[in-house]
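Just so you know, these numbers come straight off a predicted model, no measurement behind them. The basis for the numbers below is simple: all heavy atoms, side chains too, and nothing from hydrogens, waters or symmetry mates. So you know, we letter chains A, B, ... as the sequences are listed, proteins then strands, and number each from 1.
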Amino acid sequence: MSVTRLASTGEMIGADFFRRDPLCCARELVGCELIWGRCGGVIVEAEAYNAIGDEACHCFVRPSTRAFVERNQAGAVYIYLNYGVHWMLNVLVKGTENGFVLIRALQPTRGIALMKRRRRVDDERQLCSGPGKLTQALDITIRHHEMNVCVNKRFCFRKPSHSVEVVADRRIGIRVSAHFPWRFTSRDNQHVSVRPQMGGELRSGE
DNA sequence: TTCGTGATAGAG
DNA sequence: TCTATCACGAAG
């Protein structure tokens with residue numbers, strides 16, 4: 001009986017990774033493992049937000065977000081409370097284009113029992129299959145805001161041990177600029193928050 | 001489908 | 001001060 005292992009190589013992702021552009025970072029983060037203290041999981045869903053020309057990015061409407069970009073280095077986490085309930089985990093990309101990657105879903109790999117207690121669910125698919133779920137499972141809150149994930153081995157990203165097939169489709173949950181195909185998911189993965197639309201993959205001319 | 005929840009920003 | 005908005009999730 002074969003079991004799919006989703007372990008990472010152990011090689012930590014450095015700041016250079018985030019000194020490029022948000023699309024490229026979001027796409028390549030799929031398959032990487034997020035380590036957060038005693039817990040972690042493989043990223044199976046991520047979205048890109050561009051600081052310039054993207055109405056859905058907080059930079060478009062929030063002066064405080066633009067200030068965050070100015071004062072922080074690539075790899076800093078940007079955390080905010082959504083709908084008064086859910087913390088959102090983003091990573092600052094500061095390079096050829098500035099912006100953020102929103103981490104939207106994980107396939108749990110470590111600290112699963114602890115995450116189940118925090119989430120008060122037993123089904124592993126319910127642990128981290130959404131941006132608000134994963135922050136609850138990993139106990140990510142505003143206290144982590146502005147922490148840099150490229151300098152601390154306890155809170156970092158690790159490169160994948162194997163390549164993953166990535167699907168690009170429209171971003172979800174936003175009311176503006178949703179047409180950009182800037183959501184990246186791991187193909188057929190059961191831990192993705194919402195399955196990509198049929199035919200929603202990257203097509204030429206989009 | 002509806003609704004809770006609080007940070008943020010902008011108007012008055 | 002007041003109000004609109006919001007990258008969500010759970011319940012029904």
Side-chain angles (χ1 to χ4, degrees), chain A residues 18 21-27 29-30 34 36 41 43-72 76-94 97-108 115-147 149 157 166-186 189-197 200:
Chain A
F18 296 104
D21 65 87
L23 259 79
C24 158
C25 292
R27 187 174 55 238
L29 276 175
V30 174
L34 171 62
W36 206 264
I43 296 167
V44 297
E45 180 178 346
E47 278 181 355
Y49 288 84
N50 246 352
I52 305 291
D54 179 6
E55 292 184 60
C57 184
H58 281 189
C59 285
F60 198 83
V61 290
R62 294 193 185 189
S64 60
T65 308
R66 293 193 288 272
F68 176 94
V69 174
E70 285 303 308
R71 73 173 172 270
N72 281 282
V77 295
Y78 173 77
I79 290 165
Y80 74 95
L81 189 62
N82 194 247
Y83 294 100
V85 186
H86 310 287
W87 297 103
M88 299 287 118
L89 172 64
N90 298 261
V91 187
L92 174 62
V93 177
K94 209 172 173 184
E97 300 262 11
N98 294 347
F100 296 94
V101 176
L102 169 67
I103 309 300
R104 286 193 53 93
L106 307 175
Q107 176 167 352
M115 291 196 284
K116 284 181 176 176
R117 286 200 295 277
R118 287 172 176 159
R119 288 272 301 129
R120 300 178 187 210
V121 294
D122 194 52
D123 181 1
E124 279 191 31
R125 289 191 198 176
Q126 286 302 317
L127 287 186
C128 301
S129 53
K133 294 177 185 177
L134 74 89
T135 55
Q136 185 183 30
L138 298 176
D139 190 27
I140 293 171
T141 69
I142 194 66
R143 71 188 191 278
H144 302 291
H145 189 57
E146 307 204 57
M147 192 177 82
V149 287
F157 295 103
V166 177
V167 178
D169 81 323
R170 296 158 69 99
R171 293 182 295 187
I172 56 178
I174 53 176
R175 292 148 78 106
V176 289
S177 300
H179 56 286
F180 294 131
W182 290 355
R183 183 171 76 120
F184 301 95
T185 54
S186 182
N189 190 285
Q190 300 296 307
H191 300 266
V192 165
S193 66
V194 176
R195 260 212 277 266
Q197 299 176 341

Would you sort out whether A:Arg118 and A:Gln136 count as a side-chain hydrogen bond (donor to acceptor under 3.5 Å, both in side chains), showing the intermediate values?
-> CA-CA 7 Å; A:Arg118 287 172 176 159; A:Gln136 185 183 30; over 6 Å; no
Of the candidate nucleotides [options], which contains the atom at the shortest distance from the side chain of [X]?
X        : options              : result
A:Arg104 : B:dT5, B:dA9, C:dA7  : C:dA7
A:Gln126 : C:dA7, C:dA10, B:dT8 : C:dA10
A:Tyr83  : C:dC6, B:dG10, C:dA7 : C:dC6
A:Val85  : B:dT8, C:dC8, B:dT5  : B:dT5
A:Leu81  : B:dA7, B:dG4, C:dG9  : B:dA7
A:His86  : C:dC6, B:dG4, B:dA9  : B:dG4

Please report the distance, rounded to the nearest Å, between [atom1] in [X] and [atom2] in [N].
X        : N      : atom1 : atom2 : answer
A:Asp123 : C:dA10 : CG    : P     : 11 Å
A:Arg66  : B:dA9  : CZ    : C1'   : 11 Å
A:Phe60  : C:dC6  : CZ    : C1'   : 15 Å
A:Ile79  : C:dC8  : CD1   : P     : 16 Å
A:Asn82  : C:dG9  : CG    : P     : 9 Å
A:Leu134 : C:dG9  : CG    : C1'   : 13 Å
A:Asn90  : C:dC8  : CG    : P     : 11 Å
A:Trp87  : C:dG9  : CH2   : P     : 15 Å

If pairing means Watson-Crick or G-U wobble with both distances under 3.5 Å, then the partner of B:dT5 is none
C:dT1 - base-pair partner by Watson-Crick or wobble geometry, distances under 3.5 Å = B:dA11
Other residues, nucleotides, ligands: >12 heavy atoms within 6.0 Å of A:Ile142 CD1 =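 It does: A:Ile142 CD1 has more than 12 such atoms within range.
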Mind checking if [X] touches a base, just sugar-phosphate, or nothing, with heavy atoms under 4.0 Å?
X        : result
A:Arg119 : sugar-phosphate
A:Gly84  : base
A:Arg175 : sugar-phosphate
A:Ser193 : nothing

Nearest non-hydrogen partners of A:Ala105 and A:Gly130, listed with the distance =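 Minimum heavy-atom contact is CB-N, 4.0 Å.
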Do the rings of A:Tyr80 and A:Tyr78 sit parallel, tilted or perpendicular, given the 30° and 60° boundaries?
->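 It falls in the tilted class, 30° to 60°.
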At under 4.0 Å, does any side-chain N or O of A:Arg62 touch on OP1 or OP2 of C:dC6?
-> no
With a 6.0 Å cut-off on ring centres, are A:His145 and A:Phe68 close enough?
-> yes
Between A:His144 and A:Trp87, is the gap from one ring center to the other below 6.0 Å?
->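 They do not qualify: ring centres at least 6.0 Å apart.
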